[in-house]
Amino acid sequence: MNVRYVVKKEELETLALNLADELIPWFKKVKERGGSWHHLVNAIGAYVVRNTNLSLEDLIGKDNPDGTHVVGLWEIVFQRLVEKSAEDPGDWVNRRNTIKDVYEKHIAGKPLGTRLISRSISR
């Protein structure tokens with residue numbers, strides 16, 4: 001897989017916090033306008049999946065058989081957005097499922113992005 005950015009595991013938390021800080025204004029704008037965060041997460045998730053070496057576990061975390069949990073990039077992003085009142089605390093499952101869907105489509109070679117983004121690119 002050819003990637004633009006190689007992310008080291010020890011840098012995942014810093015990347016997640018920086019990404020969240022960049023996204024806060026966008027999430028707040030979408031919320032103010034009554035829009036859907038799904039499209040925003042889908043587009044940003046597609047960019048991250050296409051351009052990094054991160055696995056699905058790196059992105060959404062993983063529960064281990066011994067009961068421990070490995071935290072993923074989007075879990076950190078989500079928590080930071082919640083802390084800054086830019087995301088609803090009960091929406092983690094929706095965000096996780098969106099990122100998982102984007103990742104699985106990418107691995108399967110299917111097109112990524114929302115219809116709106118796809119339409120604007122094709123013009």
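As the structure is a prediction and not an experimental result, all values here were calculated from the model.
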Using side-chain contact (heavy atoms from CB on, under 4.5 Å), reason through Lys105 and Val49 one step at a time and then give a plain yes or no. CA-CA 10 Å; Lys105 284 180 181 176; Val49 166; over 6 Å; no
Establish whether Leu23 and Leu59 are linked, either directly or via other cluster members, by ILVMFWY side-chain heavy-atom contacts under 4.5 Å. yes
Steps toward side-chain contact (heavy atoms from CB on, under 4.5 Å) verdict (Arg96, Val93): CA-CA 5 Å; Arg96 183 193 68 214; Val93 171; 3.8 Å; yes
Does a side-chain N-to-carboxylate-O contact under 4.0 Å join Glu32 and Lys28? no
Does atom NZ of Lys8 have more than 12 heavy-atom neighbours, drawn from other residues, nucleotides or ligands, at distances under 6.0 Å? no
Taking the side chain as every heavy atom from C-beta outward, state whether Phe78 and Asp91 have any pair of such atoms under 4.5 Å apart. yes
Evaluate the criterion side-chain hydrogen bond (donor to acceptor under 3.5 Å, both in side chains) for residue pair Ser55 and Asp58; output intermediate values, then yes/no. CA-CA 5 Å; Ser55 69; Asp58 294 333; 3.2 Å; yes
Glu11 atom CD, over 12 foreign heavy atoms within 6.0 Å: yes
Determine the minimum heavy-atom distance between Ala16 and Leu73, stating which atoms define it. CB-O, 3.6 Å
Can you list everything that forms a side chain to side chain contact (heavy atoms under 4.5 Å, CB included) with Lys29? Sequence neighbours excluded, please. none
With Asp21, which residues qualify under side chain to side chain contact (heavy atoms under 4.5 Å, CB included), at least two apart? Ile24, Arg80
Val77 and Leu19: which non-hydrogen atoms are nearest, and at how many Å? CG2-CD2, 4.0 Å
Could you check whether atom CD of Glu22 has more than 12 heavy atoms from other residues, nucleotides or ligands sitting under 6.0 Å from it? no
Taking a hydrophobic cluster as the set of Ile, Leu, Val, Met, Phe, Trp and Tyr residues connected by side-chain heavy atoms closer than 4.5 Å, whether directly or through intermediates, do Leu15 and Ile44 fall within one such cluster? yes
Name all pairs fulfilling the ring-ring contact (aromatic ring centres under 6.0 Å, His included) condition that reach into residues 11-36, sequence neighbours left out, sorted by first residue then second. Phe27-Trp37
Exam field: side chain Asp66 to backbone Thr68, donor-acceptor pair closer than 3.5 Å: yes
Kindly give the heavy-atom pair with the smallest separation between Leu12 and Val71, and that separation in Å. CD2-O, 4.4 Å
Cluster link Val7 to Tyr103, ILVMFWY, side chain under 4.5 Å: yes
Does any N or O in the side chain of Asp101 come within less than 3.5 Å of the main-chain N or O of Asn97, such that one atom is a donor and the other an acceptor? no
Do Tyr47 and Arg4 have side chains that approach each other closer than 4.5 Å (heavy atoms only, starting at C-beta)? yes
Co-membership, hydrophobic cluster, residues Val70 and Leu17, 4.5 Å side-chain: no
Under 3.5 Å: donor-acceptor pair, side chain of His69, backbone of Lys62: yes
Is the backbone N or O of His38 less than 3.5 Å from a side-chain atom of Asn42, with the two atoms forming a donor-acceptor pair by type? no
Indicate yes or no: at least one non-hydrogen side-chain atom of Glu75 is less than 4.5 angstrom from one of Trp92. yes
With rounding to the nearest 0.5 Å, note down the distance linking CD1 in Ile76 to CG in Asn18. 11.0 Å
